[in-house]
Each structure stands twice: as C-alpha cells, then as structure tokens.
Amino acid sequence: MNFLAHYLYGEMGLVSHQIVHVDRQNHTVTFSPYEKETAFTRFCDGILWTTNELLENQKQAVLEMLKSGPSTSISELAAYISKENFLKPFSIPPVTHLYSIELQRGEIVLQEALKL
C-alpha cells in the first residue's frame with residue numbers, strides 16, 4: 001500500500017515529495033523519493049504523518065496545537081509544523097498509525113489514514 005501527499009512528517013522531520021510504502025503484514029513503513037506516478041498510490045491532500053501510540057491519548061491536545069497555527073494553506077501549515085517541531089515525540093518508532101493533516105474549508109482536520 002502506497003501513500004503520497006504534499007508533505008510527510010515522520011521521525012526525520014518534515015519532507016516533501018516522498019512516497020510512503022506501508023506493509024501491514026510486516027508492520028513496516030518505508031519512504032522513497034517521489035519520481036513518477038506509482039500504481040495503487042493513495043493521494044492525501046495535505047500532510048501525511050507517521051505516528052506512534054503516544055498520539056492516541058493526546059490527539060485532542062495535538063489538534064489544538066495544530067489549529068493554533070496558520071490555516072490558509074498547506075505550505076504555511078507545513079512551515080509552522082517544521083518550525084515548532086511539536087509533532088516529533090509522536091513520530092518516534094514504532095509507528096502504529098498513518099494520519100493525514102488536511103485543510104477542509106479553512107479548518108484543520110486530523111484523519112486516520114491507516115492503522116498498522
């Protein structure tokens with residue numbers, strides 16, 4: 001299963017133009033540079049975020065921190081996330097979830113894309 005988004009936030013911080021490869025059977029998540037369209041790739045219009053179990057108990061607090069940043073464009077939101085770096089503790093392996101951070105009608109939304 002492959003995912004692509006404008007940005008990816010994971011253990012290495014914020015990067016752009018990466019494909020996320022998820023093997024649910026082996027519970028592995030790997031990344032590779034986006035070079036061309038890949039069959040069966042799901043596009044998320046926002047920021048893909050690999051998370052650990054720590055997020056599950058603090059999801060509402062994290063969403064409030066995300067909402068305190070800019071909500072006019074994905075690139076502004078990505079710059080805010082990169083600068084503030086408050087998502088880092090939730091991205092330390094083992095990765096258990098893949099979330100998308102999206103803007104929907106000017107509102108920041110956190111949606112689970114996949115549970116490992």
Side-chain angles (χ1 to χ4, degrees):
M1 186 174 283
N2 300 319
F3 293 86
L4 175 66
H6 299 287
Y7 298 93
L8 168 67
Y9 191 92
E11 182 181 20
M12 66 278 191
L14 187 77
V15 294
S16 62
H17 301 97
Q18 295 280 315
I19 293 181
V20 179
H21 307 279
V22 179
D23 181 340
R24 291 181 77 179
Q25 183 177 0
N26 295 317
H27 299 283
T28 59
V29 177
T30 57
F31 312 98
S32 66
Y34 174 73
E35 296 172 351
K36 62 180 180 171
E37 286 191 35
T38 305
F40 308 109
T41 298
R42 179 176 163 196
F43 179 75
C44 297
D45 190 18
I47 302 167
L48 279 174
W49 179 25
T50 58
T51 70
N52 55 36
E53 281 297 319
L54 183 61
L55 177 66
E56 297 311 302
N57 294 325
Q58 298 185 29
K59 200 179 303 180
Q60 191 58 40
V62 169
L63 185 56
E64 292 304 317
M65 286 192 289
L66 287 168
K67 289 182 176 184
S68 70
S71 60
T72 55
S73 73
I74 290 296
S75 59
E76 286 181 354
L77 180 58
Y80 167 72
I81 288 170
S82 183
K83 178 181 155 213
E84 297 299 323
N85 213 24
F86 60 87
L87 301 182
K88 188 81 169 168
F90 305 102
S91 298
I92 297 168
V95 172
T96 58
H97 294 80
L98 184 63
Y99 277 90
S100 64
I101 303 169
E102 301 177 8
L103 288 176
Q104 294 180 359
R105 293 181 229 120
E107 181 78 18
I108 296 173
V109 178
L110 183 62
Q111 293 184 323
E112 184 178 62
L114 185 67
K115 182 176 181 176
L116 294 174

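Please read all numbers here as calculations on a predicted model, not as lab measurements. All values below come from the heavy atoms of this structure, side chains included, with hydrogens, waters and symmetry mates left out.
With ring centers used as reference points, H6 lies 6.0 Å or more from Y34.
Considering all non-hydrogen atoms of both residues, P94 and N52 come closest at O-CB, 3.3 Å. Across all non-hydrogen atoms, the minimal contact from L4 to Q18 is CD1-O, 3.4 Å. The two residues S100 and C44 make their nearest non-hydrogen contact at CB-CB, 4.2 Å. In plain terms, the two heavy atoms of E76 and S73 that are nearest each other are N-OG, 3.1 Å. Minimum interatomic distance between S75 and Y7 (heavy atoms only, all atoms of both residues): CB-OH, 3.5 Å. Here the closest non-hydrogen pair linking I101 and I74 is O-CD1, 4.3 Å.
The shortest distance between side-chain heavy atoms of V95 and T51 does not fall below 4.5 Å. Two residues are said to be in side-chain contact when any heavy atoms from C-beta on lie closer than 4.5 Å; S71 and L77 fail this criterion. Side-chain contact between V29 and L98 is absent, with no heavy-atom pair separated by less than 4.5 Å. Annotation: side chain of F43 is not in contact with side chain of F3 (no heavy-atom distance under 4.5 Å). The side-chain heavy atoms of Y9 and I81, taken from C-beta on, include a pair separated by under 4.5 Å.
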Apply salt bridge (Lys or Arg N to Asp or Glu O under 4.0 Å) to the pair K59 and E56, showing each step before the final yes or no. CA-CA 6 Å; K59 200 179 303 180; E56 297 311 302; 3.2 Å; yes

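If you take CZ on R42 and CG on N2, they are separated by 12.0 Å, rounding to the nearest 0.5 Å. Taken from OG in S32 to CD1 in I19, the straight-line distance is 5.0 Å, to the nearest 0.5 Å. Between the OG1 atom of T50 and the OH atom of Y99 there is a distance of 12.0 Å, given to the nearest 0.5 Å. Taking NE2 of H97 as the reference point, atom CG of L54 lies at 12.0 Å (rounded to 0.5 Å). Atom-to-atom distance recorded for N85:CG and L14:CG is 9.5 Å, nearest 0.5 angstrom. Note that CD1 of I47 and OG of S16 are 11.0 Å apart. Values are rounded to the nearest 0.5 Å.
Linking ILVMFWY residues whenever their side-chain heavy atoms come closer than 4.5 Å, directly or via other members, places L110 and F86 in the same cluster. Neither L103 nor L48 shares a network with the other; the hydrophobic side chains, linked directly or stepwise wherever heavy atoms of I, L, V, M, F, W or Y lie under 4.5 Å apart, form separate groups for each. Hydrophobic clustering, with ILVMFWY side chains joined whenever heavy atoms are under 4.5 angstrom apart, keeps V109 apart from L63. A single hydrophobic cluster is seen to contain both V22 and V15, as judged by linkage of ILVMFWY side chains at heavy-atom distances under 4.5 Å, directly or through other members. Note on Y80: it clusters hydrophobically with F90, by side-chain heavy-atom contacts below 4.5 Å among ILVMFWY residues.
Here the options are M12, E11, H21, the test is side chain to side chain contact (heavy atoms under 4.5 Å, CB included), and the partner is F31; only M12 passes.
Not a single donor-acceptor pair under 3.5 Å links the side chain of S82 to the backbone N or O of A79.
Remark: E107 engages K67 in a salt bridge, criterion side-chain N to carboxylate O under 4.0 Å.
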